[in-house]
Every structure is written in structure tokens, then in C-alpha cells.
Amino acid sequence: MEIRCWQEGDRPFLRTLYLHARRENWTWLNGSDWQLEDFDAATRNERIYVALEDGHRVGFASLVENGNFLHNLFIDPAWQGKGIGSALLEHVQQQFTSTGALKCLAKNQRAIEFYQQHGWTIEATGASPEGEYLLMHYRLP
């Protein structure tokens with residue numbers, strides 16, 4: 001597997017992946033208004049890393065500008081459970097210069113367990129338009 005910085009040519013695929021993965025995994029939300037362009041707004045001014053397997057784009061992660069907040073981590077549903085998310089997360093964690101942070105929707109139990117398995121801890125809760133979220137931290141070793 002390869003992880004690299006994104007290129008503009010990745011945009012059409014990543015838009016599709018972002019839309020499809022949210023619809024597959026966030027089943028408790030009504031995604032009828034979601035659009036391909038949502039990816040653009042969700043990653044604006046962020047550092048994006050793309051995971052490739054055998055030359056195929058299979059996932060991405062994005063960090064906000066300061067580099068210590070993981071904003072997005074999405075894997076193509078057909079490729080989930082194959083270690084791609086773990087590899088992307090480990091790559092992102094290596095970019096952190098201090099404690100890493102992320103927000104995860106409280107109903108996304110699978111993702112919460114995934115992050116906890118990688119050393120993330122729940123620090124607080126909050127509310128968002130999509131529902132309650134958990135603020136999670138990753139402390140550098």
C-alpha cells in the first residue's frame with residue numbers, strides 16, 4: 001500500500017468515495033441532501049493524504065491546517081477491514097506535533113472502537129447538526 005499527498009486529479013474519485021462511504025456507514029442519518037461537492041467543503045484548506053492499493057485509490061484522511069486535528073478518515077466500503085484505515089491513521093499520527101484530536105459521531109460505534117484500538121481516548125462530548133459527537137485525543141508517545 002502507498003500513502004501520498006493528494007493531487008487535484010484525485011478530486012473526482014475522493015468526492016465519490018466521501019459520498020458513498022458516508023451513505024454506507026452513517027445509516028442513522030438522512031443523506032438524501034448529500035452531494036459530491038460536500039467533499040470540497042469538508043476538506044477546504046486541509047492536508048489530504050490518499051491511500052492506494054495496487055494503484056487504486058481506496059481511502060483518504062485530512063488534517064486541518066495546524067496539523068493536529070484529524071478532520072476526515074474515510075475508506076472505500078469495499079476495502080474496509082483490510083488494514084487501510086489503520087495505515088492511514090498511523091500515517092496521520094506521525095504528522096502530529098502535539099496531542100492529536102478528532103470528533104467522532106457518538107452513533108458511529110465502529111469508528112469509536114477503531115480509534116480506541118489505536119490509542120485514542122474520549123475526552124468530552126458535544127452536539128453537532130449530525131448528532132452528539134465525542135472529542136477524542138491521541139497523545140504522542
Side-chain angles (χ1 to χ4, degrees), residues 1-126 128-141:
M1 181 177 37
E2 174 190 358
I3 298 174
R4 63 163 169 77
C5 291
W6 97 298
Q7 302 162 0
E8 185 59 38
D10 296 321
R11 185 181 301 274
F13 177 82
L14 295 182
R15 281 175 161 180
T16 302
L17 185 153
Y18 183 66
L19 179 63
H20 183 63
R22 288 187 304 157
R23 285 187 173 154
E24 282 283 316
N25 294 305
W26 296 357
T27 56
W28 64 91
L29 293 174
N30 177 0
S32 62
D33 291 339
W34 295 344
Q35 303 174 33
L36 292 171
E37 294 80 9
D38 294 344
F39 168 82
D40 303 338
T43 60
R44 186 169 288 117
N45 298 320
E46 295 184 358
R47 279 189 284 155
I48 305 170
Y49 298 99
V50 178
L52 298 102
E53 186 69 48
D54 296 325
H56 301 284
R57 298 172 193 98
V58 293
F60 78 93
S62 69
L63 296 169
V64 296
E65 201 63 30
N66 75 4
N68 294 314
F69 187 87
L70 174 61
H71 187 215
N72 292 289
L73 177 64
F74 286 90
I75 308 303
D76 183 328
W79 288 86
Q80 290 177 2
K82 300 181 192 270
I84 294 160
S86 294
L88 258 175
L89 184 59
E90 289 168 13
H91 180 82
V92 164
Q93 289 170 173
Q94 292 172 2
Q95 311 307 309
F96 293 157
T97 57
S98 64
T99 298
L102 64 81
K103 292 178 183 176
C104 186
L105 293 173
K107 288 190 176 182
N108 196 348
Q109 195 59 45
R110 185 173 172 208
I112 293 165
E113 291 170 5
F114 169 78
Y115 292 121
Q116 288 177 319
Q117 290 170 357
H118 287 86
W120 291 75
T121 58
I122 298 169
E123 300 294 325
T125 61
S128 76
E130 293 83 23
E132 181 184 15
Y133 68 82
L134 305 177
L135 175 64
M136 302 181 78
H137 283 171
Y138 176 81
R139 287 175 175 64
L140 295 178

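Of all heavy-atom pairs spanning A106 and I112, the tightest one is O-CD1, 3.5 Å. The two residues S98 and N68 come nearest to each other via the heavy atoms OG-ND2, 3.3 Å. Residues I3 and A87 approach most closely at CD1-O, 3.5 Å, considering heavy atoms. Closest non-hydrogen pair, G9 versus P12, comes out as O-CD, 3.5 Å. Of all the heavy atoms in C104 and Y115, the pair that sits closest is SG-CE1, 4.3 Å.
Side-chain atoms of D76 and H56, non-hydrogen and from C-beta on, never get closer than 4.5 Å to each other. L88 places a side-chain heavy atom less than 4.5 Å from the side chain of I75. When side chains are defined from C-beta on, K82 does not count as touching E53, because their heavy atoms never get closer than 4.5 Å. Contact of the D10 side chain with the R4 side chain is registered, since non-hydrogen atoms from C-beta on lie closer than 4.5 Å. A 4.5 Å side-chain heavy-atom check between W6 and R57 finds every atom pair outside the cut-off.
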Anything under 3.5 Å between a donor and an acceptor, one on a side chain of residues 133-141, the other on a protein residue two or more places apart or in another chain? List them.
| residue | atom | partner | partner atom | Å |
| --- | --- | --- | --- | --- |
| R139 | NH1 | E123 | OE2 | 3.3 |

Using a 3.5 Å cut-off and no angle test, enumerate the donor-acceptor pairs between side-chain atoms of residues 40-52 and protein atoms at least two apart in sequence or in another chain.
| residue | atom | partner | partner atom | Å |
| --- | --- | --- | --- | --- |
| D40 | OD1 | R11 | NH1 | 2.6 |
| D40 | OD1 | R15 | NE | 3.2 |
| D40 | OD2 | R15 | NE | 3.2 |
| D40 | OD2 | R15 | NH2 | 2.3 |
| T43 | OG1 | F39 | O | 2.8 |
| E46 | OE1 | S62 | OG | 2.5 |
| E46 | OE1 | H71 | ND1 | 3.3 |
| E46 | OE2 | H71 | ND1 | 2.6 |
| R47 | NH1 | Y49 | OH | 3.2 |

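Judged by distance alone, the side chain of N108 and the main-chain N or O of W26 form no donor-acceptor pair under 3.5 Å. Here the side chain of R23 pairs a donor or acceptor atom with the backbone of W34 at under 3.5 angstrom.
Results of the ring pair (Phe, Tyr, Trp, His ring centres under 6.0 Å) test with F74 over W79, Y18, F13 single out Y18 as the only residue that passes.
In this structure, CD in Q93 is found 10.5 Å from CG in L63, a value given to the nearest 0.5 Å. With values rounded to the nearest 0.5 angstrom, D38 atom CG is found 7.0 Å from L19 atom CG. With rounding to the nearest 0.5 Å, the separation of NE2 in H20 from CG in L36 is 12.0 Å. Here NE2 of H91 is found 10.5 Å from CE of M1. Values are rounded to the nearest 0.5 Å. Atom CD of Q95 is separated from atom CG of L70 by 11.5 Å, given to the nearest 0.5 angstrom. Distance check: Q109 CD to Q116 CD gives 7.5 Å after rounding to the nearest 0.5 Å.
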Before you tell me yes or no, could you show the steps for K103 and E130 under side chain to side chain contact (heavy atoms under 4.5 Å, CB included), namely the whole-Å CA-CA distance, both residues' side-chain angles and the distance that decides it to 0.1 Å? CA-CA 12 Å; K103 292 178 183 176; E130 293 83 23; over 6 Å; no

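For T99, there are no side chain to side chain donor-acceptor pair (under 3.5 Å) partners two or more places apart in sequence or in a different chain.
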